[in-house]
Amino acid sequence: MPAESCPAPQPMASNNRLSRSGGAAVILAAALVLAGCQKKEQQAAEAPQPVRVMPVTSEPLARAASYVGTVRARYESDLGFRVAGKITERLVNIGDSVKPGQPLARLDVTDFQLTREANEAELAAAKSNLAQALAAERRGKDLLDRGHVSEAVYDQRKAALDEAQGRLDRAERNLAISRNQTDYATLKADNAGVVTSLPVEVGQVVAAGQLVARIAQDGEREAVVAIPEARLADIREAQPEVALWADASRRYAAKLREISPQADTATRTYLARFTIENADSAVVLGMTATVIANAGSRAEVVRVPSTAIINDGRGASVWVVQASGTRVERRPVEILSFGQQDVLVTRGLNAGERLVTLGVHVLDEARPIKVVEERPPVKVAA
């Protein structure tokens with residue numbers, strides 16, 4: 001309760017009959033009343049101010065940056081026919097799971113079959129020719145040994161045999177090529193995965209090597225994002241995490257696998273691929289993923305409640321409890337950033353000190369304090 005106000009001294013009315021002794025008594029009484037009022041005001045001024053305090057603790061300064069990208073497979077195969085031709089069958093659709101060796105599409109094999117049949121006939125003729133040349137060479141050898149023919153005649157038959165052997169070898173290889181071309185007319189998956197692209201249709205004529213199907217292989221999943229050039233140094237030292245837009249409450253540990261050595265010509269950003277560790281079935285190809293890069297720092301900051309900050313035109317400051325524990329002192333601080341409920345202070349506070357967190361705008365540095373509550377330091381929300 002506020003102290004009762006003392007009555008102001010009233011001027012004494014003029015009275016000729018007032019004796020000197022009576023006037024002295026009145027003056028003495030007024031002096032006693034004034035002395036009592038001053039004592040009450042002094043006691044009220046010296047009453048302790050109740051305060052709530054918090055110990056000062058420092059923490060490493062952490063800077064977090066986020067980059068939005070998509071979930072991709074680490075290994076993606078662009079498959080195409082090894083021969084040109086017209087597509088007659090497309091055996092899968094986008095999103096289908098495939099196994100190694102599973103057919104994906106087929107070409108018209110009419111021409112390949114005709115070529116193979118021609119090579120088979122050529123091989124048969126080469127074998128017959130080789131048999132004839134071999135018989136002629138043997139007869140020539142026998143006649144040479146008897147002296148009925150010259151060595152020149154025998155050399156001709158020997159050369160004809162070598163030529164027949166070469167023709168046979170050539171026919172066998174041409175037949176093998178034609179058989180391979182027939183096999184190449186069926187496009188098969190090399191690895192297990194999911195079909196992510198099929199830019200062709202039945203009846204389309206494709207060239208050798210043209211993209212027919214893209215397969216995202218099973219296994220590791222990655223978040224692919226674009227990094228500005230100013231963040232390249234930080235991203236290499238960061239501790240990244242991946243959050244999916246479909247379920248932002250979950251975060252996956254990640255690891256930087258590679259950064260493109262050259263910036264994109266249009267955006268001037270560098271493509272980075274982060275491996276998502278322990279990716280489960282919730283991590284689906286094509287999902288929107290956010291890479292959160294927590295870059296640590298050697299700098300120390302103090303996290304204090306926003307209610308502890310005073311700024312009355314003289315700069316930001318706080319009240320710190322003195323070592324005696326009975327009084328406070330005002331101290332200027334340097335603020336890094338403001339949050340919804342707390343403030344990061346980079347300079348002005350030391351670990352181990354106690355900070356006033358409530359009622360800072362009504363404190364009087366000249367009056368003593370009384371700690372009525374001490375709260376724990378501010379914790380960062382998980």
Side-chain angles (χ1 to χ4, degrees), residues 68-117 119-120 174-226 242-247 250 252 254-255 257-258 260 264 271-291:
V68 179
T70 57
V71 176
R72 301 272 295 273
R74 175 171 182 176
Y75 300 103
E76 292 183 334
S77 303
D78 289 347
L79 304 181
F81 290 103
R82 299 173 67 173
V83 292
K86 179 181 179 180
I87 296 177
T88 58
E89 290 183 277
R90 201 186 74 174
L91 305 175
V92 294
N93 295 309
I94 295 177
D96 289 350
S97 297
V98 296
K99 299 178 180 179
Q102 178 177 340
L104 306 177
R106 289 191 176 96
L107 296 177
D108 184 4
V109 296
T110 302
D111 293 341
F112 303 137
Q113 289 177 347
L114 292 175
T115 302
R116 185 182 65 183
E117 292 173 359
N119 288 328
E120 289 175 347
N174 287 336
L175 180 59
I177 292 174
S178 63
R179 287 174 177 172
N180 288 340
Q181 288 180 335
T182 304
D183 293 338
Y184 295 157
T186 300
L187 181 64
K188 299 178 181 179
D190 295 331
N191 299 277
V194 179
V195 180
T196 60
S197 178
L198 281 171
V200 295
E201 295 292 341
V202 174
Q204 182 176 343
V205 177
V206 296
Q210 181 178 337
L211 175 63
V212 174
R214 178 176 289 121
I215 306 296
Q217 298 183 21
D218 293 340
E220 295 183 16
R221 294 291 179 258
E222 296 182 335
V224 183
V225 297
V242 173
L244 301 178
W245 184 83
D247 186 5
R250 296 185 59 185
Y252 299 85
K255 182 179 180 181
R257 187 174 69 84
E258 68 176 20
S260 173
D264 184 86
L271 201 65
R273 303 178 74 98
F274 292 84
T275 300
I276 303 175
E277 299 180 354
N278 300 322
D280 52 20
S281 59
V283 183
V284 181
L285 294 174
M287 277 188 168
T288 301
T290 302
V291 175

Checklist entry - So do the side chains of Thr196 and Ile94 get within less than 4.5 Å of each other, counting heavy atoms only? => result no
Next on the checklist: Are there over 12 heavy-atom neighbours, none belonging to Asn278, within less than 6.0 Å of that residue's CG?
Outcome noted: no
Item to check | Non-hydrogen atoms of Val194 and Ser97 that approach each other most closely | outcome: CG2-OG, 4.2 Å
Checklist entry - Would a distance-only check, ignoring hydrogens and angles, find a side-chain to backbone donor-acceptor pair under 3.5 Å from Arg72 to Arg221? => result no
Next on the checklist: Hydrogens and angles aside, do Thr115 and Gln181 bring a side-chain donor and acceptor to less than 3.5 Å of each other?
Outcome noted: no
Item to check | Nearest heavy-atom neighbours spanning Ala289 and Ala223 | outcome: CB-CB, 4.2 Å
Item to check | Steps toward side chain to side chain contact (heavy atoms under 4.5 Å, CB included) verdict (Val195, Asn93) | outcome: CA-CA 7 Å; Val195 180; Asn93 295 309; over 6 Å; no
Checklist entry - Under 3.5 Å, side chain of Thr288 to main-chain N/O of Trp245, donor-acceptor pair present? => result no
Checklist entry - Nearest heavy-atom pair of Pro103 and Leu91: which atoms, and what distance? => result CB-CD1, 3.5 Å
Checklist entry - Between atom CD of Gln210 and atom CG of Asp78, what is the distance when rounded to the nearest 0.5 Å? => result 12.0 Å
Checklist outcome for this item: What one should report as the nearest heavy-atom pair of Pro199 and Gln204 is O-OE1, 4.1 Å
Next on the checklist: Distance check, rounded to the nearest 0.5 Å: Glu117 atom CD versus Phe112 atom CZ?
Outcome noted: 14.0 Å
Checklist entry - Below 4.0 angstrom, N of the basic side chain to O of the carboxylate: do Asp183 and Lys188 qualify? => result no
Next on the checklist: On a heavy-atom basis, which atom in Arg90 and which in Val202 lie closest, and how many Å separate them?
Outcome noted: N-CG2, 3.8 Å
Next on the checklist: If you compare all heavy atoms of Leu198 against all heavy atoms of Ala213, which two are closest, and at what distance to 0.1 Å?
Outcome noted: CD2-CB, 3.5 Å
Checklist entry - Within a strict 4.5 Å, meaning less than it, do heavy atoms of the Leu107 and Val206 side chains meet? => result yes
Checklist entry - Donor-acceptor pair, Gln113 side chain versus Thr110 backbone, under 3.5 Å? => result no
Item to check | CG on Leu114 to OG1 on Thr182, rounded to 0.5 Å | outcome: 10.0 Å
Next on the checklist: With rounding to the nearest 0.5 angstrom, report the CG to CZ distance, Leu187 to Phe81.
Outcome noted: 5.0 Å
Checklist entry - Val224 versus Leu271: any side-chain heavy-atom pair under 4.5 Å? => result yes
Checklist entry - Hey, does Asp190 have a side-chain heavy atom less than 4.5 Å from the side chain of Leu79? => result yes
Item to check | Donor-acceptor pair, side chain of Asp247 and main chain of Leu244, under 3.5 angstrom | outcome: no
Next on the checklist: With heavy-atom distances below 4.5 Å as the criterion, would you say the side chains of Glu120 and Arg179 are in contact?
Outcome noted: yes
Next on the checklist: Using side-chain heavy atoms (C-beta onward) and a distance below 4.5 Å, is Val92 in contact with Leu104?
Outcome noted: yes
Next on the checklist: For Ile215 and Asn191: C-alpha separation, side-chain torsions, deciding distance, then whether side chain to side chain contact (heavy atoms under 4.5 Å, CB included) applies.
Outcome noted: CA-CA 8 Å; Ile215 306 296; Asn191 299 277; over 6 Å; no
Checklist entry - Are Gln217 and Ser77 side-chain neighbours, meaning at least one heavy-atom pair lies under 4.5 Å? => result yes
Checklist entry - Tell me, do Thr290 and Val242 make a side-chain contact under 4.5 Å, heavy atoms counted? => result no
Checklist entry - Are Lys255 and Glu277 close enough for a salt bridge, meaning some N to O gap below 4.0 Å? => result no
Checklist entry - Between the side chain of Asp108 and the main-chain N/O of Lys86, is any donor-acceptor distance below 3.5 Å? => result no
Checklist outcome for this item: Distance col, row Leu285:CG vs Glu222:CD, nearest 0.5 angstrom, shows 11.0 Å
Item to check | Test log, rule salt bridge (Lys or Arg N to Asp or Glu O under 4.0 Å), inputs Asp280 and Arg250 | outcome: CA-CA 12 Å; Asp280 52 20; Arg250 296 185 59 185; 2.7 Å; yes
Checklist entry - CG/Asn119 to CG/Leu175 distance, rounded to the nearest 0.5 angstrom? => result 6.0 Å
Item to check | Greater than 12 external heavy atoms within 6.0 Å of Arg257's CZ | outcome: yes
